[in-house]
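Chain letters run A, B, ... following the sequence lines, proteins first, then strands; residues in each count from 1.
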Number of protein chains: 2
Amino acid sequence: MDIGIIGSSTVAQTVGGKLLDLGHTVTISSRDTSQGKDRGAMGKLPSADEWVAAQRADGAAAAAGSFAAAAAAGELVINATAGAGSLEALELAGASNLRGKILIDLSNPLDFSRGMPPSLLVCNTDSLGEQIQAALPETRVVKTLNTVGANVMIDPAGLGEPTTVFVAGNDAEAKAWVTRHVLREWFGWEHVLDLGDISAARGTEMYLPIWLRMWSATGAGALNIRLVTA
Amino acid sequence: MDIGIIGSSTVAQTVGGKLLDLGHTVTISSRDTSQGKDRGAMGKLPSADEWVAAQRADGAAAAAGSFAAAAAAGELVINATAGAGSLEALELAGASNLRGKILIDLSNPLDFSRGMPPSLLVCNTDSLGEQIQAALPETRVVKTLNTVGANVMIDPAGLGEPTTVFVAGNDAEAKAWVTRHVLREWFGWEHVLDLGDISAARGTEMYLPIWLRMWSATGAGALNIRLVTA
């Protein structure tokens, strides 16, 4: 399948690498595909071009381009930009390139401008997922996987026991397709809970502050929650 | 132990009943102890006076009084009011009656005035837990148990497998005392995670929207999350 990824972040490269391993064709994207993001103490992230060159050396069908090129190339499109830049990146991607397509939204509206831990740029009575759906009314936005780190997104089994992931969106067919194919078959998620329409993105995005605190308190490299009911 | 409970809500009566079962003396409180709250389709909640009469008939050391009376009576005090009324109730309880004491804060700043699901009255860069600690600087506020329903607070084993509860607060000794005695010994919590100072209440309060969505999506009578790390 031809998959376009908006962004070239750690999340974009991790998810893109998994999709290439599964045999898909992947186009990642950036304003400037030659520039790798500086992550401070974690070192420089490979640029989109460097990442593509490494993937191609392994025989994978990878490409890099503009946000619009990735959106146009993808039968399925994934938003893997940082939340603060998502709306602008998707505007550059172009509503016409995304029309009728499923857009999987992995983003979180984290605001690092006021120091650590980050706060949210939007919350409570609105969400980034809703803003993206409103900006792209003819695109079928499915919010999912934003409650876990990139390593857990593509390898939930790495946690050693089943945990829970959520989907939210206005299009039931799109949610069902993403749940069945992307989450269960491709990434191996067993427990997927449909939280309702796209306004449920408020819940999964407002979960970030406790996720960040749990991460800080445990020092774990990978973490997630398992929903337990009685 | 003499325990004062600010409030006479379902949470107050559920937690109060468990504490009485454990042999403690409990004073619940209300603006008017003769009036039971009307819960619509769920029927009328017993008034504080009715609840006390029923507990005394079972031989328990229960009393009802004003917020100030409960705060004065308690060696340990628990805020079990609805979040929208917590600051006013604690002002009526009186800073002098709470000075030096541990105040366990179970509340959530839910705003039902804009319809369902509720939004939050405060979030993101502040929290009700922080507002309560700021209003009562000489009281040791420990935010905990606000991420679960009343039935789970006092009976985590009822979920059939261990789940996680959180503590947040500025006083490490107070958090350790609440964790050891109230959470582990009295209520039976095995997994207690310290998320840090009282600002971590932002995380546990902002978790409410996803909790409400999980509750709605599953229809479960009791639910909680288990933190899984690798």
Side-chain angles (χ1 to χ4, degrees), chain A residues 109 111 114-115 117-127 147-149 151-152 155-164 166-168 193-197 199-230, chain B residues 109 111 114-115 117-127 147-149 151-152 155-164 166-168 193-197 199-230:
Chain A
D111 180 2
R114 290 187 272 200
S119 53
L120 300 184
L121 292 159
V122 56
C123 67
N124 204 20
T125 56
D126 198 2
S127 63
T147 56
V148 293
N151 53 345
V152 176
D155 182 27
L159 285 167
E161 57 177 295
T163 58
T164 306
F166 307 98
V167 291
L193 183 63
D194 183 348
L195 293 179
D197 66 30
S199 71
R202 296 176 199 177
T204 63
E205 294 174 12
M206 291 171 77
Y207 166 81
L208 260 285
I210 196 169
W211 186 92
L212 290 162
R213 294 279 183 169
M214 293 192 291
W215 184 53
S216 174
T218 61
L223 66 92
N224 192 22
I225 53 172
R226 172 188 174 88
L227 175 61
V228 178
T229 59
Chain B
D111 180 1
R114 289 187 274 199
S119 54
L120 299 183
L121 292 159
V122 56
C123 66
N124 204 20
T125 56
D126 197 3
S127 63
T147 55
V148 293
N151 53 343
V152 176
D155 181 27
L159 284 168
E161 59 178 292
T163 58
T164 307
F166 307 98
V167 292
L193 183 63
D194 184 347
L195 293 180
D197 68 30
S199 71
R202 296 174 199 178
T204 64
E205 294 174 10
M206 291 171 79
Y207 165 79
L208 260 286
I210 196 170
W211 186 93
L212 290 163
R213 295 278 183 169
M214 291 191 292
W215 185 52
S216 174
T218 61
L223 65 94
N224 193 24
I225 54 172
R226 171 187 174 87
L227 175 60
V228 178
T229 58

- When rounded to the nearest 0.5 angstrom, what distance separates CZ in B:Arg226 from CG in A:Asn224?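 Taking CZ in B:Arg226 and CG in A:Asn224, the distance rounds to 12.5 Å.
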
- Message: What's the separation between atom OG1 in B:Thr229 and atom CD1 in A:Ile225, rounded to the nearest 0.5 Å?
- Response: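 With rounding to 0.5 Å, OG1 (B:Thr229) is 13.5 Å from CD1 (A:Ile225).
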
What option among [options] has the most heavy-atom pairs under 4.5 Å with chain A?
| options | result |
| --- | --- |
| B:Asn151, B:Val152, B:Thr218, B:Asp194 | B:Thr218 |
| B:Ala200, B:Gly196, B:Gly221 | B:Ala200 |
| B:Glu161, B:Arg202, B:Glu205 | B:Glu161 |

- Minimal non-hydrogen separation, A:Ala230 against B:Ala220, with atom names: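 Shortest heavy-atom separation between A:Ala230 and B:Ala220 comes out as O-CB, 3.9 Å.
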
Which pairs of donor and acceptor atoms, one on a side chain in residues 207-214 of chain B, lie under 3.5 Å apart (sequence neighbours left out)?
from     : atom 1 : to       : atom 2 : distance (Å)
B:Trp211 : NE1    : B:Thr147 : O      : 3.4
B:Arg213 : NH2    : A:Ser199 : O      : 3.4
B:Arg213 : NH2    : A:Ser199 : OG     : 2.8

Residue part contacting chain A, namely of [X], when any heavy atom lies under 4.5 Å:
| X | answer |
| --- | --- |
| B:Thr204 | both |
| B:Leu193 | side chain |
| B:Ser119 | both |

- Query: Is B:Asn124 close to A:Asn124 at the side-chain level, that is, under 4.5 Å between some pair of heavy atoms?
  - Reply: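 No, side chains not in contact.
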
- Query: Looking at A:Ala168, A:Gly203, A:Gly160, which has the largest count of heavy-atom pairs under 4.5 Å with chain B?
  - Reply: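 Of the options given, most contacts go to A:Gly203.
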
